[in-house]
Amino acid sequence: MELGVSISMSAESVVEIRNLTKIYRDFWGRAKVKAVNSLSLEVKKGEIFGLLGPNGSGKTTTLKMLLGLLFPTEGEIKILGKQAHDVSKNERIGYLPEESYLYRFLNADETLDFYGRLFNMSAAVRKERKDKLIEMVGLNYARRRQLKEYSKGMTRRIGLAQALINDPELVILDEPTSGMDPLGTREVKDLILKLRDQGKTVVMCSHLLQDVQDVCDRIAILYGGELKVLGDVKDLLQSKGETQLITSKLDPAAQAEVEAVLKKHGASLHSSSSPVVNLEDLFLRTIEESKARPGRRYAPGETPKA
Amino acid sequence: MNNLTSGQRKLVYGLGILALMVVVILLGKPSEGTPGTGGVVSDLREKYSLGEATLGQVDPASSTMNLVLLGFRGIAASILWSEAEHHRVTKNWSKLQQTAESIILLQPHFKKVWEYQAWNLGFNVSAECDAVEDRYFWVKQGAKYLQRGTERNTQFPELFFECGRFFGQKIGSADEKEQYRKFFVADPDTSRWQGKGDGEVNPENKDNYLVAQDWYTKANAVVEGTDIEQHKMDLPLFMSYPYHSLMDYARAREEDGYFDDNAKGAWANALREWTTVYGRKVFAAAGNGIMFTLEGSREDLEKLSKEDGQPLADKLHWQSRYHGTTNYLYWKLRCDIEQKQEMIDARRLFYEGKKAFKEEGDLEQAGKLLETGTQLLQNVIDTAGREGNGNSILLYNDEGITEEAIKSLLILERVRDGLPKDNFPLKELWVDPTFAGKRAELREKFIRWAGEN
Amino acid sequence: MPFDTNHPLLNVILQWALILCVISVIGTFVGGVSSLMGGGKRGLSEFFGVIGRALSDLILVSPQRIFALATLTTRESVRRKALWIGAVFLVLFMFAGWFIGDSDDTTPAKAYISFVITTIRWMLLPLAVLLSCWGLPADIKDRSLHTVVTKPVRRSEVVLGRIAGYSFVITAILLVVSVVGYGWILRVVPERSQRQLISRVPRFGGMKMLDQNGDLFTGVNVGDMLDLRRFIAGGTKELAMWQFQGLKESDFPNDQDLRLEYAFEAFRSYKGDIATQIEFSIDLVNPETNQRVRLGVQPVNEFSSEIAHDLKENQTENLILIPRTISYLDGETTKTADLFKDLVANGNLNVEIKCLDAGQYLGVSPGDLFVRMPDRSFAVGYWKTIFTTWLMLVLIITIGTTASCILKGPVATLTTFGLLILGVFLKNGLIMRLGKYYSDGGEVVGGGSVEAFYRLVTGLNESTPLDESITKTVIETLDSGVYAMLYLAQYVIPDISIFDASTYLANGFDVPLASCVLPSLLITLGFFIPAYIIGYFGLQIRELEAK
């Protein structure tokens with residue numbers, strides 16, 4: 001799999017989840033919450049995969065089971081071809097936690113150095129990576145300040161830097177853009193796309209649907225621990241049987257004639273495609289539907305109708 | 001709910017603090033020593049003598065410890081007490097001493113603590129050692145401990161009194177008295193004290209009895225200068241100790257073999273102090289408060305009676321009762337007799353006779369000296385007078401002279417192969433059944449001391 | 001007893017290993033069976049998967065990662081101002097006089113040494129507990145550990161890293177305070193007590209006591225509550241004999257004197273001559289040829305060493321100097337003997353002590369007479385004491401860290417403190433009582449706790465036997481169960497008193513390797529290995545997210 005080519009839709013999967021279930025139990029061992037229910041997923045090499053869902057839908061639980069932080073009650077996980085509890089898989093994974101769970105008494109330099117050491121990197125490599133990543137996330141001006149003095153956006157940036165310290169093949173991002181200003185959000189999104197261009201696989205979950213729509217190749221929507229929707233973002237958002245025309249600016253007269261003209265004259269046609277629904281619409285529709293008809297699962301490409 | 005701004009709130013707090021401070025200062029302002037100058041609380045403290053400073057020297061360490069321990073002083077002290085006991089049982093003397101020091105950090109104003117632990121060191125630990133020098137060291141440790149107790153508690157007459165007992169009785173009449181008295185003026189720790197006595201207990205390098213007298217005098221001063229009572233014994237007896245120390249001093253010098261003019265002077269001094277100072281003190285009889293002096297003549301008491309309105313007969317009665325309690329008249333006579341040249345000579349002859357017998361082995365000389373000595377003593381006894389039943393006042397009141405005399409007779413018996421059949425000086429001591437027990441006891445001692453013939 | 005000479009270390013190690021093996025085997029067996037019952041064949045294979053992973057996790061640890069985690073732990077402690085304890089310590093020393101009480105230049109060095117070591121121990125002990133018990137739970141609570149374990153870090157490395165980090169912190173603090181303490185001792189010990197700052201190296205010998213007829217006997221008890229010393233009668237043939245072994249000529253180069261040091265007690269049955277001490281004679285006897293040399297007569301100097309002043313010439317220590325060539329009186333003639341040629345046979349030498357004063361007694365115990373090997377400097381003993389203190393702190397950190405792998409901060413702290421309190425105060429009593437229980441064949445007057453409670457409630461006195469009934473059987477079974485649990489508990493509670501070498505140091509002895517340093521080291525290691533394993537499993541089977 002080292003021969004991974006950029007933008008590949010080959011069958012090689014980086015993450016395989018089969019029948020994954022997680023039940024939280026109380027002190028007496030009684031089932032309290034079914035956080036994830038018979039989830040099956042596959043993430044292909046080189047894609048950006050988005051996990052969507054409202055609060056408590058099980059997306060973070062799923063990510064944490066992927067990482068081995070939580071143990072599945074049932075089901076199987078294969079990540080980079082290894083079991084979730086195998087620490088050696090972590091060599092090739094980068095993880096940005098939901099909130100940046102970093103050591104607040106360390107500064108940016110020390111943080112990256114520390115995580116670098118955990119990968120048994122040599123001092124020279126650590127220095128090189130450190131400099132590059134701090135530069136990349138734009139924290140050069142604050143690299144000697146303790147993290148407890150950082151703003152939320154800065155913490156996200158250093159969190160992202162530590163996730164990439166080992167140049168991972170698989171990057172798992174939990175809410176990568178939360179707390180960032182629009183400019184920062186743009187930068188992070190660009191970075192995610194760049195990671196894909198470098199052949200890395202990205203699994204992210206987010207509340208910010210616009211971000212997901214902007215970067216993800218495929219998404220899964222979870223609700224109540226169950227998978228509701230899974231598929232290509234393009235396919236999911238495309239409205240079939242309709243056409244969308246985008247034209248150059250028309251004068252008012254031409255505009256009045258546009259319907260007739262379209263039939264008779266060949267006006268210059270800039271693009272022609274199906275009109276795209278907003279991801280927000282799709283998301284809300286899915287949630288509404290799921291509440292109304294629990295247990296329903298949509299076939300690939302099928303979307304709930306409003 | 002709260003309409004005040006932060007600044008206003010701070011102002012309110014500040015005013016509150018100020019108001020409380022004014023109250024605290026009014027109540028707790030330290031006194032300048034005279035009543036009325038301090039706050040209410042410190043005035044009360046002064047009035048009832050409750051302040052640390054009025055009890056004695058303040059030890060910041062002790063105060064801090066008690067503060068740090070909050071309310072756990074009692075528990076901490078109890079633990080230390082059982083630790084001290086453990087160290088005593090396991091014979092860890094230096095640890096015992098350290099623990100005793102820690103206990104007084106916590107309980108600096110407990111009289112019994114000072115007394116108990118000082119005795120522990122000065123008597124119990126001391127007795128465990130085999131070398132006299134070591135024993136003396138621990139006696140000193142006990143005494144020093146007690147001395148510090150008096151510094152911390154200036155209002156316990158008993159502690160001063162106990163100090164007097166350490167220096168007077170412990171050093172002066174222990175089995176090791178001969179060594180102890182020497183060590184008291186020439187400490188065995190020569191490198192530290194350069195041949196002098198331990199400066200911490202005997203800074204002026206005086207005789208132990210004179211140091212004891214100083215302490216007893218201090219104890220008397222506490223009782224006399226304040227309304228504090230002592231709880232040891234009847235007051236006239238308690239007050240007599242400094243003067244007895246002077247007699248002890250005079251006696252001890254003679255026992256050490258000094259029969260110069262100072263010997264006479266020491267007895268004369270003891271007599272003077274006994275009659276003119278102690279005898280002139282006005283005491284109140286226990287229970288009824290009848291005032292009298294021990295030395296006072298009928299006229300003196302009459303005068304006193306006029307002053308306080310108490311009947312003269314009562315005064316005479318109680319004076320006579322207390323003469324008995326304190327053995328006042330005997331000691332007066334004794335000092336008077338002892339300062340006479342004849343008596344001093346008699347004692348010198350006994351001393352020299354004993355020395356000739358034991359150290360020089362000159363039996364003939366010993367016999368001569370003792371014969372002269374006993375004759376001299378017989379004269380003294382005759383002049384001193386007899387009680388109504390014909391008993392010598394000197395011989396029947398105290399063993400001080402009797403013992404010395406019987407010892408001399410025992411030596412005489414040995415060197416002369418028996419005493420004369422008919423008459424000889426001090427014969428009453430040899431034949432009176434009153435002294436039979438004493439004679440037997442001294443004979444046994446004598447045989448051990450001189451060996452079987 | 002501080003003068004325990006032969007510690008069967010090898011046996012101890014073997015026993016330890018055996019117990020560890022047995023527990024591991026039982027654990028594996030029970031785990032295997034229960035997973036077989038719970039999950040069938042798949043459960044069993046999962047169980048062995050866990051065991052296999054555990055083995056590799058426990059063994060294949062990366063030093064660099066442990067170092068990184070240790071550095072992190074250190075930084076964390078430093079930034080949490082743990083080092084302030086050092087400042088508190090300095091303040092304590094500034095006011096140390098307050099705690100030592102009134103001291104003058106006769107105060108023995110003992111007081112100062114005990115103070116320093118005790119202060120160090122009792123100040124750093126809670127620090128070690130708090131540091132080690134709160135770090136990991138805080139790490140889990142803040143979820144900073146999550147990020148760490150998404151890196152290729154084994155949980156065993158987290159445990160080791162934590163232990164190493166705290167140990168490093170405590171080591172640094174200990175180093176600072178012990179250097180300060182050392183300087184303080186040298187400065188404040190009064191000049192005349194300075195000579196007590198020494199590390200004497202005793203070589204003990206076996207002792208036996210012989211009565212008038214030359215038969216073995218146990219000596220007389222003169223009524224002391226402390227039954228440490230037994231007494232021999234003076235002026236009789238009773239004697240105490242020490243048999244020293246392994247004396248080599250090379251240990252005493254340049255014709256150095258062989259020094260015997262003693263600490264006997266005297267007991268007078270009558271007052272006798274007060275000014276003269278009880279005396280004893282010392283005979284050197286060749287155990288093979290029975291050649292006998294009377295060395296001389298010595299005063300007992302009872303408890304003189306408790307005092308820090310020079311009483312008489314050369315009498316600060318109770319030393320008997322034996323020159324290489326000894327002149328002695330044999331009847332009327334003066335003869336000479338060579339210590340190593342004539343008296344020491346194959347390294348063995350017998351020394352006989354007799355009390356000379358008729359009617360008086362001399363008290364002896366095995367540790368009372370020893371060959372004093374060349375002295376070592378005070379620093380040697382001091383740093384050994386610090387080393388054992390360090391081992392104790394590492395042990396505490398290990399236990400604390402392990403507890404914090406399983407429990408939350410406050411609970412871990414209580415557990416560790418509880419274990420320490422048991423280890424310091426109750427362990428000896430427990431062992432003693434258990435020993436008595438087993439030596440009495442399981443019979444205790446009044447019974448165990450359940451039986452005692454039963455008697456209390458029913459008002460039955462302790463000497464009345466219980467009625468033969470089912471109640472009796474139940475009570476006795478329960479009680480023997482309690483004893484069995486206590487029996488096991490005594491092995492789980494570390495014996496903290498072993499680590500306290502201050503008694504040696506304060507009394508001017510070198511800290512012995514065999515009966516103090518080595519046992520301390522072994523206890524620490526002995527606890528470290530299982531604690532490490534337990535800590536690993538605690539962290540491994542714990543879902544960090546679930547808190």
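Each chain gets a letter, A, B and so on, in the order the sequences are listed, and its residues count up from 1.
Stacking of Lys151(C) on the aromatic ring of Tyr115(A) is recorded, both the 6.0 Å distance cut-off and the 45° axial limit being met.
Heavy atoms of Lys22(A) lying under 4.5 Å from chain C belong exclusively to its side chain. For Gln162(A), the parts sitting under 4.5 Å from any heavy atom of chain C are the backbone and the side chain alike. Of the atoms belonging to Leu69(C), heavy atoms from both backbone and side chain fall under 4.5 Å from chain A. With a 4.5 Å cut-off on non-hydrogen atoms, Leu106(A) touches chain C through its backbone and its side chain both. The contact between Met121(A) and chain C is made entirely by backbone atoms, counting heavy-atom distances below 4.5 Å.
Looking at Thr201(A), its side chain does come within 3.5 Å of a backbone N or O of Gly46(A) through a donor-acceptor pair. Judged purely by atom type and a 3.5 angstrom limit, Arg65(C) uses its side chain to pair as donor or acceptor with the backbone of Pro152(C). In terms of modelled atom types and a separation under 3.5 Å, the side chain of Arg129(A) and the main chain of Leu164(A) share a donor-acceptor contact.
Side-chain contact of Asp211(A) with Thr177(A): a donor-acceptor pair under 3.5 Å is present, judged by distance alone.
The residue among Thr71(C), Asp139(C), Asp142(C) with the most heavy atom pairs within less than 4.5 Å of chain A is Asp139(C).
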